[in-house]
Amino acid sequence: MKQIRTWVLIADGRRAQVYCTYGRASQLDAVPGMELETVLPPSREIMADRPGRTFESQGATRHAMERPTDPHRDAKRRFARRIAAAIEEQLNAGNFDKLVVVAPAVTMGDLREELSDQVKARIAGELVADLTKIPVRELPSHLERVLQP
């Protein structure tokens with residue numbers, strides 16, 4: 001009987017790591033090449049320039065223009081898109097059977113938007129939590145309820 005390879009994606013808005021396991025009793029092994037990271041400067045650094053100004057439709061009054069989006073938030077969405085593309089590529093290569101996704105709420109929402117239907121069909125569990133800074137040896141205790149035996 002073939003062992004089921006379950007990948008555990010642990011991500012936040014700045015970094016992601018994928019681990020492979022063969023069930024609850026199996027250890028977590030980092031998947032080579034599946035450690036992703038992005039540079040995420042604070043919004044104040046991205047928006048260092050002052051916003052443009054516009055004139056009132058009547059008269060000489062001027063107003064500062066608001067930025068339509070938060071560039072820091074946009075960078076997190078782009079990173080989620082990058083994670084989703086990497087997972088899709090690995091699924092197409094047949095490198096895992098099931099996927100468990102662990103991320104904070106906002107990142108989880110971004111990933112749900114970006115993951116393809118084929119990847120979503122392989123999701124065996126989700127955990128809304130930020131475990132990116134937890135040492136690998138402590139992860140199994142956090143993942144017990146989402147990892148299947």
Might you point out which heavy atoms bring [X] and [Y] nearest each other, and give the distance in Å?
X    : Y    : answer
L115 : K120 : O-CE, 3.2 Å
A105 : V128 : N-CG1, 3.5 Å
L111 : A80  : CD2-O, 3.9 Å
I83  : A16  : CD1-CB, 3.7 Å
G13  : T38  : O-CG2, 3.8 Å

request  = Could you note down all residue pairs passing salt bridge (charged side-chain N to carboxylate O under 4.0 Å, His left out) where residues 99-109 supplies at least one of them, sequence neighbours left out?
outcome  = none
key: Identified salt bridge (Lys or Arg N to Asp or Glu O under 4.0 Å) counterpart of E114 within the set R77, K76, R81   = R81
request  = Identify, with sequence neighbours excluded, every residue that meets salt bridge (Lys or Arg N to Asp or Glu O under 4.0 Å) alongside E126.
outcome  = R112
Partner residues of R5 under the salt bridge (Lys or Arg N to Asp or Glu O under 4.0 Å) criterion, sequence neighbours left out = D97
query = Any ion pair linking D12 and R15 (charged N to carboxylate O, less than 4.0 Å)?
reply = yes
query = So, are R78 and D110 salt-bridged, with charged N and O less than 4.0 Å apart?
reply = no
Student check: side-chain heavy atoms of [X] and [Y] closer than 4.5 Å:
X    : Y    : answer
L143 : L131 : yes
V100 : L9   : no
V8   : V102 : yes
R145 : L127 : yes
L28  : C20  : no
V119 : L99  : yes

ask   = Under 3.5 Å, side chain of D130 to main-chain N/O of T132, donor-acceptor pair present?
value = yes
message = Closer than 3.5 angstrom, by distance alone: can the side chain of R82 be matched with the main-chain N or O of E37 as a donor-acceptor pair?
response = yes
task = Could you walk me through whether Q27 and D29 pass the side chain to side chain donor-acceptor pair (under 3.5 Å) test, one step at a time?
result = CA-CA 6 Å; Q27 70 179 29; D29 296 316; 2.7 Å; yes
note = Here the ring-ring contact (aromatic ring centres under 6.0 Å, His included) pairs for residues 79-132, sequence neighbours left out, are W7-F96
note = E35 meets the side-chain contact (heavy atoms from CB on, under 4.5 Å) criterion, sequence neighbours left out, with Q17
remark   = P135 meets the side-chain contact (heavy atoms from CB on, under 4.5 Å) criterion, sequence neighbours left out, with R137, E138
inquiry  = With rounding to the nearest 0.5 angstrom, report the CZ to OG1 distance, R122 to T6.
reply    = 11.0 Å
Determine, using the 4.5 Å side-chain heavy-atom cutoff (strictly less than), whether [X] and [Y] are members of one ILVMFWY cluster.
X    : Y    : result
I123 : L91  : yes
Y19  : L147 : yes
V136 : I134 : yes
V101 : V146 : no

